[in-house]
K.L.:
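Structure below; questions to follow.
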There are 2 protein chains.
Amino acid sequence: MLKLTKKADYGLMALKYLAEHPETPALSAKDIADAYGIPAQLLAKILQLLTKSGLLRSHAGMNGGYALSRDAREISAYEVIHAIDGPFFITSCTKGAKSCDLTPSCTIKEPLARVNDTIAGVLRSISIYDLAERETPAGRAVAAQALVTLTL
Amino acid sequence: MLKLTKKADYGLMALKYLAEHPETPALSAKDIADAYGIPAQLLAKILQLLTKSGLLRSHAGMNGGYALSRDAREISAYEVIHAIDGPFFITSCTKGAKSCDLTPSCTIKEPLARVNDTIAGVLRSISIYDLAERETPAGRAVAAQALVTLTL
DNA sequence: CAGTATACGACCGTTTCTGTCCGCGTTTCA
DNA sequence: TGAAACGCGGACAGAAACGGTCGTATACTG
C-alpha cells in the first residue's frame, strides 16, 4: 500500500546512475545492473519502458546502451514512476471516467483525489538530479524545496 | 504502486460514515457495509483492526456495533491507513534496520525516505472530519491547509 | 561475418490482496 | 433461559499483481 514497485525503484536508481556518469556516451543495461546488483534482464525491460516514454535514448550494437534524453534536472521522479508503473492513482476506483460503478459510495474519493494530486506534485518536484547529488554537507541548506499546499 | 489498498479505502469510508452519524450510539458492520455496498464480512474485519488500534470502540450483542473513540477531528487518515495496512513505507527496502542487503546500492533510498515522510505528513494532516464534511461551497476558502516542505 | 547490444513477447513462481466460511464469545431482549 | 444480533478471529481459496527468466528477433559495430 502506497509503496513503489521494485521496478520503479530500479528505474530511479538507473537514471540516477546515468545522471552521475554524464561523461560516458552510453551505459548498457548490464553495466547498470552490475553496479547495483539487480537482475540485468529485468533492468533491461525497465530501461526499454523509459526509452519508449522518451526519458532515455538507446543505441544498439557494440558500445551501445542508454543515455538520458534530457538534463537530469528536467526529469522528474513522477515521470519515471509514471513511465514504469503507469498512471498514478492513490485509489483503486478513480481510474479515469468510470468511477466506483453505482452506489453514491465514494464520496470519499473526491478528497482523496486531492491527496493524490498533492503527492503527485511532490513527486513532480523532485528531479533525477536531486537524487543524484552526492555528498550532502550536513550544514547545507535546502537543495530543493517543494512547497505544497493541500486544500481539502 | 503507490496505491491505497481497498481495505484502507473501506476503512476510511466507514470512519467517514460514522463521523456523519454522531447521533447514533453505534453502527454495525453490516449497516455500514450496506450503506456503501461493500462486503460485510470484510468490512467487519477491517473495523476489528481499527478497534484494536484504538480508533474505534466496539460493543457486542444486539444493537451493538462500532463508534468513533475520539472526535473525528482527532483521527487522521494516516492513523487509519497505518492501522489497516501496517507501517507506511514508500520503498520496499527501508523496512526498519535491515536495508537492501549488501551492495551500497540504495543511495537512492535516503532521498526517497524524505519523500516518504512528506507524504506521511500530508496524510497525517487530514482528519476523518475533513473527509466527512459534506457540501463544499465553491466559493469557500480552504477547509484544511497543510503546508508541507520537502527538503532533499 | 562475428560479437554485442537493444527490443519484445511468452511464461512462471511467489506474494499480496480480496473476499468467504465457520465456530466462538458477548450482549440484549422476549 | 434461550434465541437473535452482534463482534472476534482463524483458516482458507480465488484472483491479481509483482518479480524475474527465457528465447528470439533486430540493430549496430568493427
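Every chain is numbered from 1, with letters handed out A, B, ... down the list of sequences.
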K.L.:
Please report the distance, rounded to the nearest Å, between CG in A/Leu43 and P in D/dC22.
P.N.:
16 Å
K.L.:
Per the side-chain contact (heavy atoms from CB on, under 4.5 Å) rule, which among A/Lys16, A/Arg73, A/Glu74 passes with A/Tyr129?
P.N.:
A/Arg73
K.L.:
Please determine whether a side-chain nitrogen or oxygen atom of B/His59 lies at a distance below 4.0 Å from atom OP1 or OP2 of C/dT28.
P.N.:
yes
K.L.:
Please check if the side chain of B/Ser69 supplies one atom and the backbone of B/Arg57 the other of a donor-acceptor pair under 3.5 Å.
P.N.:
no
K.L.:
Please report the interatomic distance CG(A/Leu2) to CG(B/Leu2), rounded to the nearest 0.5 Å.
P.N.:
5.0 Å
K.L.:
State whether the side chain of B/Asp130 and the backbone N or O of B/Ser127 hold a donor-acceptor pair below 3.5 Å, judged by distance alone.
P.N.:
yes
K.L.:
Tell me if a side-chain donor or acceptor on B/Asp34 pairs with a main-chain N or O of B/Asp31 at a distance below 3.5 Å.
P.N.:
no
K.L.:
A/Gln48 CD to D/dA27 P: how many Å, rounded?
P.N.:
14 Å
K.L.:
Could you check how far NZ of B/Lys52 sits from P of D/dC8, rounded to whole Å?
P.N.:
10 Å
K.L.:
Rounded to the Å, how far apart are B/Ile46 CD1 and D/dC8 P?
P.N.:
14 Å
K.L.:
If a protein heavy atom is under 4.0 Å from the base, mark B; if only from the sugar-phosphate, S; if neither, -; do that for nucleotides 13-24 of chain C going 5' to 3'.
P.N.:
----SBBBBB--
K.L.:
Between C/dT27 atom P and B/Tyr66 atom OH, what is the distance in whole Å?
P.N.:
14 Å
K.L.:
Between B/Gly65 and A/Gly61, which residue's closest nucleotide on DNA chain D lies nearer the 5′ terminus?
P.N.:
B/Gly65
K.L.:
Measure from CG on A/Asn63 to P on D/dG30 and round the result to the nearest Å.
P.N.:
6 Å
K.L.:
Only one of B/Ile38, B/Leu47, B/Ile32 forms a side-chain contact (heavy atoms from CB on, under 4.5 Å) with B/Tyr10, so which one is it?
P.N.:
B/Ile38
K.L.:
With respect to the phosphate group of C/dA7, does any side-chain polar atom (N or O) of A/Ser58 fall under 4.0 Å of OP1 or OP2?
P.N.:
yes
K.L.:
Using atom CZ of A/Phe89 as one end and atom P of D/dA17 as the other, report the distance to the nearest whole Å.
P.N.:
15 Å
K.L.:
Applying a 4.0 Å non-hydrogen cut-off, can you work out what B/Ala44 is touching in the nucleic acid: base, sugar-phosphate, or nothing?
P.N.:
nothing
K.L.:
Figure out the CG/P separation between B/Leu49 and D/dG9, and round it to whole Å.
P.N.:
9 Å
K.L.:
Counting distance only, does the side-chain N/O of A/Ser76 pair as donor-acceptor with the main-chain N or O of A/Ile126 below 3.5 Å?
P.N.:
no
K.L.:
Which nucleotide, D/dC8, C/dA5, D/dG7, lies nearest any side-chain atom of B/Thr51?
P.N.:
D/dC8
